[in-house]
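First the structure, which I've put down as structure tokens, then a few questions once you've had a look.
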Amino acid sequence: MIGNDVAHAARLLEQGKLVAIPTETVYGLAGNALDINAIGEIYLVKNRPIFNPLILHVPNLEIAQKYVTHFPKEALKLARQFWPGSLSILLPKSELVQDIVTAGSSHVVIRVPNHPLTLKLLNSIDFPLVAPSANISNTVSPTSADHVQNGIGNQIDYILDGGKCPIGIESTIISIENGQVQVLREGGISQEKIIKMSGLPISGSTKKSIQTPGQLKKHYATQKPLHIVESISDYLTENPTQNCSILYYEERDNHDIEHIHFLSKDYDLSEIANQLFALMRLADQDPTDCILIEPVKLEGIGRAVDDRLRRAANI
Ligand code: TXA
Ligand code: MG
């Protein structure tokens, strides 16, 4: 069932049931983070490997502190600046966080999502929520209630409909190491924004001591192959018989190509990130054999778009 009844969603969660919740990034598949059975059900519904840990969602910074043993001052600064919002922070977990949430790790990833319905929900229950993206593992993440319905709708009790996700790409996950920020997953908040707002350095090290197990190479995959090509027009000239859907970053005249989708009007990276998953789904439904897209500009939220595209293309 789809609806916007927060009290109903809260009741179901209290009973150990699963509810899809809107966030500013993507829809999450939420369950009571203190209930092992509910958590097990999330892994089942998503067909998610058990080694892939879950993000803890809480209503505010004060409550977040219950679930960690130590909040480094840099992390506190970032939490104060970006919460509620699309920044998830890896911190040492307190004993209140079950091992199944972190897949056995001593650290938990935690965030305060910025969506009015979900904040209302989190404020009306007395437990935190775990909420991975509300899709089957390795498929495209959902950015609307309809996307959730089409994927896992028949396996869950309720979808809390909060409209389209305004950011449309998952949260940025960071850790703090020796006072430096490490980006573990590119996402809704760009590195540039973190540096500009917090003044904290971002560690350039490519050898991360902590990995996010969920960042598998093949992820966010469309059903048909997605190819990242340097030039779409060159590719079409060289492969005249291929029947492809095309994703462009900006509007243009291409009257001779049938299945074409524009990610933004004039190369606006926020709009591109926002439209990416929805248009990957549309392209998947075209009567074509593959999806073509050119590399995106590697700046700001473009880095998160690039990350998702590479995983979709499995390169
Ligand atoms: O925007 C988001 O973060 C969305 C919304 C629903 O909040 N959630 C989301 O969850 O993207 P999920 O499960 O699809 O991705 C979480 C990522 C995975 O790559 C997982 O491996 C990583 O976070 N992660 C979670 N807990 C971790 C931990 N304790 N240590 C390392 N990585 C962790
Ligand atoms: Mg996911």
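All values below come from the heavy atoms of this structure, side chains included, with hydrogens, waters and symmetry mates left out. Just so you know, ligand 1 is whichever comes first in the structure, and atom 1 is the first atom listed for that ligand. Numbers for residues simply follow the sequence, beginning at 1.
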_More than 12 heavy atoms of other groups within 6.0 Å of Lys193 NZ_ = no
_Distances under 2.8 Å only: what protein N/O/S atoms are near the Mg ion (ligand 2), ordered by chain and residue?_
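Checking every protein N, O and S atom gives Ser133 OG.
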*Test item, His57 contacting ligand 1 (heavy atom, 4.0 angstrom)*: yes
_Enclosure of Asn150 CG (heavy-atom neighbours >12, cutoff 6.0 Å)_ =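 Yes, because the 6.0 Å sphere around CG of Asn150 holds more than 12 heavy atoms from other groups.
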_I need the contact type for Arg48 against ligand 1. Using non-hydrogen atoms and a strict under-4.0 Å cut-off, is it side chain, backbone, both or neither?_
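Side chain only.
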*Which residue pairs satisfy the side-chain hydrogen bond (donor to acceptor under 3.5 Å, both in side chains) criterion with at least one member in residues 5-25, sequence neighbours excluded?*
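Every pair satisfying side-chain hydrogen bond (donor to acceptor under 3.5 Å, both in side chains) with a residue in residues 5-25: Gln15-Lys17, Thr23-Thr25, Thr23-Arg111, Glu24-Ser86, Glu24-Arg111, Thr25-Arg111.
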*So, is Ser133 polar-close to ligand 1, with some N/O to N/O distance under 3.5 Å?*
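Yes; the residue has a nitrogen or oxygen that sits under 3.5 Å from a nitrogen or oxygen of the ligand.
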*Report yes or no: does a heavy atom of Pro113 sit under 4.0 Å from some atom of ligand 1?*
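So Pro113 does not count as touching ligand 1.
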*When only distance counts, is Ser88 in polar contact with ligand 1, meaning an N/O pair under 3.5 Å?*
no
*Report yes if the side chains of Val109 and Leu56 come closer than 4.5 Å at any heavy-atom pair, otherwise no.*
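Counting from C-beta outward, Val109 and Leu56 never come under 4.5 Å.
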_Element-labelled atoms of ligand 1 that are located less than 4.0 Å from some non-hydrogen atom of Gly28_ =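 With Gly28 as reference, the close atoms of ligand 1 come out as 6 (C).
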*Before accepting this row, confirm whether a basic side-chain N of the pair Lys93/Asp99 lies closer than 4.0 Å to the acidic partner's carboxylate O.*
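Looking at Lys93 and Asp99, the cut-off is met.
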*Going by the side-chain hydrogen bond (donor to acceptor under 3.5 Å, both in side chains) test, which pairs reach into residues 289-301, not counting sequence neighbours?*
none
_Any salt bridge linking Asp307 with Arg303? Criterion: basic side-chain nitrogen under 4.0 Å from a carboxylate oxygen._
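No, no charged N to carboxylate O under 4.0 Å.
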*asked:* When you compare the side chain of Ile167 with that of Val26, does any pair of heavy atoms fall below 4.5 Å?
replied: no
Donor-acceptor pairs under 3.5 Å, side chain of residues 57-73 to any protein atom, not counting sequence neighbours: which ones?
{"unit_1": "His57", "atom_1": "ND1", "unit_2": "Ile55", "atom_2": "O", "d": "3.1"}
{"unit_1": "Asn60", "atom_1": "OD1", "unit_2": "Glu62", "atom_2": "N", "d": "3.2"}
{"unit_1": "Asn60", "atom_1": "OD1", "unit_2": "Ile63", "atom_2": "N", "d": "2.8"}

*asked:* Let me check something: do Ile315 and Leu276 share a hydrophobic cluster, defined by ILVMFWY side-chain heavy atoms less than 4.5 Å apart, either directly or through other members?
replied: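 Yes; tracing contacts between hydrophobic side chains, which count when under 4.5 Å, links both residues.
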*Nearest to atom 10 (O) of ligand 1 by heavy atom, Pro132, Ser171, Ser86, Gly187: which?*
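It is Pro132 that holds the nearest heavy atom.
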_Would Tyr27 count as being in polar contact with ligand 1, using the rule that some N or O on each side must be under 3.5 angstrom apart?_
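Between Tyr27 and ligand 1 (N or O atoms, distance only) the closest approach is not under 3.5 Å.
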*Evaluate the criterion salt bridge (charged side-chain N to carboxylate O under 4.0 Å, His left out) for residue pair Glu186 and Arg308; output intermediate values, then yes/no.*
CA-CA 9 Å; Glu186 298 282 353; Arg308 305 307 186 267; over 6 Å; no
*How does Leu90 reach ligand 1, if at all, at less than 4.0 Å between non-hydrogen atoms: by side chain, backbone, both, or neither?*
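Leu90 to ligand 1: side-chain contact only, backbone stays beyond 4.0 Å.
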*With backbone taken as N, CA, C and O and side chain as the heavy atoms from C-beta onward, which portion of Ala131 lies under 4.0 Å from ligand 1: side chain, backbone, both, or neither?*
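Within the 4.0 Å criterion, Ala131 contacts ligand 1 through backbone atoms alone.
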*Which one of Asn52, Ile173, Thr118, Val108 has a non-hydrogen atom at the shortest distance from atom 20 (C) of ligand 1?*
Asn52
_Proximal candidate to atom 4 (C) of ligand 1 [heavy atom criterion; set Val101, Leu129, Ile21, Val26]_ = Val26
_Could you measure the distance from the CG atom of Leu200 to the CD1 atom of Ile194? Nearest 0.5 Å is fine._
9.0 Å
